[in-house]
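Worksheet: one structure, shown below.
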Amino acid sequence: GHRSPQGLAVHPDTGAIWENEHGPLGGDEINVVLSGRNYGWPLVTFGNDYDGKKISESTSRADLEPPFMYFVPSIAISGMAFYTGDRFPAWKGNLFVGAMFEGRTRGTGHLRRITFNEGRPIQREPILIELRQRVRDVRQGPDGLLYALTDEDNGALLRIEPAAQLATANQAGVAMGHLHYHVRDVEANRRFWVALGGTPLKVGATDAVKFPDVMVFLTPREASAGTE
């Protein structure tokens with residue numbers, strides 16, 4: 001009954017295993033995995049085939065387990081993690097999933113934050129969408145910060161951290177985050193981020209590019225040292 005599983009996470013309070021999977025053209029799912037249940041694929045689905053034709057006339061059936069959440073259009077869902085740390089108090093208990101692109105539109109990858117009320121999802125907030133990166137995985141580090149891995153030719157490991165000294169909290173109650181890049185060509189990278197809508201500035205001696213909810217820092221590093 002599963003189509004293409006991508007992420008697994010254990011709920012921090014219930015111990016339940018959560019799974020997410022790709023739908024076809026529409027119909028990505030998040031499921032709570034229960035013993036002996038049939039999750040329906042391909043008998044029921046919220047998506048169509050890639051040529052637009054229907055795969056099933058039904059989206060539900062009494063003898064099949066429905067998804068906890070589904071996404072139409074698809075977001076090309078990927079890795080998944082519950083946030084349990086203390087560095088982002090407003091995010092505690094939230095679920096984060098990677099998104100590689102939305103509605104089969106290139107350059108729409110992002111991180112998706114899902115909030116809950118009494119166990120049911122109430123908000124789906126895209127984060128880092130201005131970076132236009134395919135987010136393949138997301139994890140909470142032992143330092144209480146979030147780390148996202150992008151799936152690009154020039155991919156990156158992104159560290160998301162609070163920076164209350166740089167901005168007041170946004171509507172979600174979270175202060176501006178930092179992305180730190182060690183790069184071989186600071187000027188070329190600065191032009192890239194500015195082309196995505198950022199504002200260039202200096203923080204001390206360090207080049208940075210400011211977006212509404214994130215500050216990108218560009219630190220020079222020799223080619224032999226690699227990048228991060």
Side-chain angles (χ1 to χ4, degrees), residues 2-11 17-33 39 41 45-50 67-85 88 90-116 120-141 145-161 170-172 174 176-179 181 192-193 196-198 211-214 216:
H2 296 288
R3 182 177 182 271
S4 179
Q6 299 293 311
L8 283 176
V10 176
H11 193 284
I17 297 173
W18 288 39
E19 173 261 5
N20 68 39
E21 61 187 67
H22 287 167
L25 192 61
D28 289 359
E29 295 181 358
I30 296 177
N31 295 293
V32 179
V33 179
Y39 286 81
W41 174 262
T45 178
F46 287 91
N48 293 325
D49 211 340
Y50 294 106
F68 178 78
M69 292 179 64
Y70 63 90
F71 299 81
V72 177
S74 290
I75 62 171
I77 202 165
S78 57
M80 178 167 61
F82 287 96
Y83 184 73
T84 61
F88 300 96
W91 288 0
K92 201 160 190 174
N94 292 175
L95 180 66
F96 290 83
V97 298
M100 291 184 286
F101 57 84
E102 186 167 5
R104 298 189 66 77
T105 302
R106 300 297 174 182
T108 57
H110 58 275
L111 188 63
R112 185 71 64 101
R113 180 175 77 101
I114 301 168
T115 65
F116 304 93
R120 302 306 303 173
I122 58 172
Q123 183 185 24
R124 309 181 188 194
E125 179 190 9
I127 298 173
L128 305 181
I129 195 166
E130 64 270 20
L131 304 184
R132 301 179 183 273
Q133 297 272 308
R134 291 161 50 92
V135 176
R136 171 61 72 175
D137 202 2
V138 57
R139 302 289 176 90
Q140 178 182 316
L145 300 176
L146 276 176
Y147 293 81
L149 189 66
T150 69
D151 183 5
E152 302 285 349
D153 291 339
N154 188 23
L157 175 62
L158 308 178
R159 181 177 65 197
I160 303 168
E161 61 183 41
N170 62 18
Q171 291 180 350
V174 180
M176 179 180 289
H178 285 177
L179 296 178
Y181 281 91
F192 170 78
W193 292 106
L196 295 180
F211 291 92
D213 291 312
V214 66
V216 179

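Numbering starts at 1 and runs along the sequence shown.
A distance of 6.0 Å separates CD1 of I160 from CH2 of W91, quoted to the nearest 0.5 Å. Taking CG from L157 and CZ from R139, the interatomic distance works out to 11.0 Å, rounded to the nearest 0.5 Å.
At least one donor-acceptor pair closer than 3.5 Å links the side chain of N20 to the backbone N or O of G7. Under a 3.5 Å cut-off, the side chain of Y181 and the backbone N or O of L158 do not form any donor-acceptor pair. No donor-acceptor distance shorter than 3.5 angstrom exists from the side chain of R134 to the backbone of G109, with no hydrogens or angles considered. With D28 contributing its side chain and H22 its backbone, the two residues share no donor-acceptor pair below 3.5 Å. When atom types are taken as modelled, the side chain of T108 and the backbone of E102 share a donor-acceptor pair closer than 3.5 angstrom. Within the 3.5 Å criterion, the main-chain N or O of V135 finds a donor-acceptor partner in the side chain of S78. Side chain of Q140 to backbone of T84: a donor-acceptor contact under 3.5 angstrom is found. No donor-acceptor pair under 3.5 Å is formed between the side chain of E161 and the backbone N or O of L145.
Looking at I127 and V214, their side chains never come closer than 4.5 Å, going by heavy atoms from C-beta outward. E19 is listed as a side-chain neighbour of L8, based on a closest heavy-atom distance under 4.5 Å. Between Y39 and E21 the shortest side-chain heavy-atom distance does not fall below 4.5 Å. Between Q6 and R136, the closest side-chain pair of non-hydrogen atoms falls below 4.5 Å.
The neighbour count for I17 CD1, taken as heavy atoms of other residues, nucleotides or ligands under 6.0 Å away, does not exceed 12.
Cation-pi geometry between R113 and F88 is not met at under 6.0 angstrom from the ring centre and within 45 degrees of the axis.
Using cut-offs of 30° and 60° for the angle between ring planes, the F46 and Y70 rings count as parallel. Using bins of under 30°, 30° to 60° and over 60° for the plane-to-plane angle, the ring pair H11/W18 lands in the tilted bin.
Partners of T45 under the side-chain hydrogen bond (donor to acceptor under 3.5 Å, both in side chains) rule, at least two apart in sequence or in another chain, do not exist in this structure.
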